[in-house]
Peer 1: 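I'd like to ask you about the structure that follows.
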Amino acid sequence: MRVIDSHTEGEPTRVILSGGPDLGAGSLAERAARLGRDHADFCASVVQEPRGSDALIGALLVPPSRPDCAAGVIYFNTVGNLGMCGHASIGTAVTLAHLGRIAPGLHGLETPVGVVEVALHSDHEASITNVESYRLHKDVTVEVDGLGAVKGDIAYGGNWFFLSRDLPCALDYANLRHLNDATLRIRAALEAQGWTGSCGAWIDHIILLGPSDTADARNYVLCPGGSHDRSPCGTGSSALLACMAADGQLGEGEAWVQESIIGSQYRLHFRRGSEGGVIPTIRGRAWVMAEADLCFAPTDPYAAGIRAAADPPREGCRRPQTRAPAP
Ligand code: PYC
């Protein structure tokens, strides 16, 4: 299996160039569903330890169904499929440029949740224009074990997010364990108290937002596998833009600089969408780190990754079929 590893503002992506399963024909959403249902071992072998980690996103390149797209791509992590992934889209664009498959300019990337427009600025920098993002619920309060009442918004940016400004501690890298513990508790509370995205989708990402000395805001982002996003999270930034737009805190075309827990940054702006949400643009940098062949020895007991036997894939990121109206 031929792969290229990159990182986008610190967050890793593994693009699978060849050796992946045959997913047949159909839309990207149909092929992604087949990948999740029939090829869990393949996904685990690519992203689970010992070859990968909870921070790694796999990006399986597939032929696009639309002739106007440069590539089709299906994202997955150690938990299951991701509808979209902002950092991995930037990483995929830089990887395609590294391979000489795209040149600076505009390109379409077909994902299971829709077409993402990529503007490749240079060998190491790209902007992605995401799918329409929107807020579903404002000011949801959950009772969180050990934290008390935590208030936040539920929003969609290609994945589902709960975004809160109620901080358990400062958003410092030194507080990583505390932030991880707090966000895992918040996610468990949302689940226990019945909060979901549209169509019952699991809210698998939690964002804590706080002040920054060097950007407009800083965040800590809990990802589905329980790790944190090293980048400021492209889909999470999209969900944030949707919330700020809905609250009138940021206007169309205005710039926003979002910083991650490691201090890396994305430049953001949005335009209004056709369904009442926003169309976010996220600009960031990525670097190729390795070109490799993954080896699978028949005697390796962990060839398909180290997994708890009982771990079923989760449905965190389904494209909403119907939009529940915001209250
Ligand atoms: O950049 O959208 C993103 C993302 C999601 C999970 C990790 N990164």
Side-chain angles (χ1 to χ4, degrees), residues 5-15 32 43 46-47 52-59 73-95 109 111-114 116-118 125-133 155-163 179-180 183-184 187 197 201-209 218-243 256 258-262 264-268 270 278-287 314 316-319:
D5 285 358
S6 63
H7 78 83
T8 306
E9 304 295 353
E11 182 76 350
T13 304
R14 177 165 288 164
V15 173
C43 296
V46 174
V47 293
S53 77
D54 270 330
L56 181 64
I57 300 292
V73 58
I74 301 172
Y75 300 115
F76 55 92
N77 58 18
T78 54
V79 176
N81 286 356
L82 274 177
M84 222 308 270
C85 183
H87 92 263
S89 297
I90 295 172
T92 300
V94 163
T95 297
L109 261 192
T111 78
V113 298
V116 170
E117 187 183 86
V118 172
E125 190 160 20
S127 298
I128 55 155
T129 296
N130 197 1
V131 296
E132 184 155 349
S133 303
Y156 178 79
N159 295 303
W160 282 100
F161 291 85
F162 179 78
L163 304 97
L179 292 164
N180 185 254
T183 47
L184 284 167
R187 188 167 72 183
W202 180 36
I203 301 168
D204 50 1
H205 294 74
I206 308 294
I207 299 191
L208 297 176
L209 289 157
R218 189 178 176 87
N219 66 21
Y220 173 90
V221 184
L222 176 76
C223 294
S227 182
H228 62 281
D229 198 331
R230 279 72 173 160
S231 83
C233 193
T235 49
S237 296
S238 301
L240 173 65
L241 288 177
C243 296
W256 183 267
Q258 184 63 48
E259 186 174 67
S260 73
I261 193 68
I262 69 163
S264 59
Q265 295 183 350
Y266 283 154
R267 296 184 172 276
L268 317 172
F270 70 87
V278 301
I279 309 288
T281 296
I282 299 120
R283 181 171 181 146
R285 301 163 307 161
W287 285 268
R314 300 288 300 264
C317 323
R318 284 182 291 156
R319 177 168 174 67

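Start at 1 and go down the list; that is how both ligands and their atoms are numbered. When a residue number appears, it is its place in the shown sequence, counting from 1.
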Peer 1: Do H7 and W287 have their ring centres less than 6.0 Å from each other?
Peer 2: yes
Peer 1: Does any N or O atom in N159 lie less than 3.5 angstrom from one in ligand 1, N or O only?
Peer 2: no
Peer 1: Do ligand 1 and G234 have nitrogen or oxygen atoms that lie under 3.5 Å from each other?
Peer 2: yes
Peer 1: Please determine if G86 has a nitrogen or oxygen closer than 3.5 Å to a nitrogen or oxygen of ligand 1.
Peer 2: yes
Peer 1: Any Lys/Arg nitrogen of E9 or R230 sitting under 4.0 Å from an Asp/Glu carboxylate oxygen of the other?
Peer 2: no
Peer 1: Any idea which heavy atoms bring V113 and G158 closest together, and the distance?
Peer 2: CG1-O, 4.4 Å
Peer 1: Run the numbers for me: atoms of ligand 1, each under 4.0 Å from some heavy atom of C233, listed by number.
Peer 2: 1 (O), 2 (O), 3 (C), 4 (C), 5 (C)
Peer 1: Among N159, V79, I203, which residue meets the side chain to side chain contact (heavy atoms under 4.5 Å, CB included) test with P224?
Peer 2: V79
Peer 1: Side chain or backbone, does D229 bring an N or O within less than 3.5 Å of an N or O on ligand 1?
Peer 2: yes
Peer 1: Report the nearest protein non-hydrogen atom to atom 6 (C) of ligand 1: residue, atom name, distance rounded to 0.1 Å.
Peer 2: H205 NE2, 3.6 Å
Peer 1: Looking at I282 and I90, what are the two nearest heavy atoms and their distance?
Peer 2: O-CD1, 4.1 Å
Peer 1: On a heavy-atom basis, which atom in W160 and which in W202 lie closest, and how many Å separate them?
Peer 2: CB-O, 3.8 Å
Peer 1: For E11 and ligand 1, does the shortest N/O to N/O distance drop below 3.5 Å?
Peer 2: no
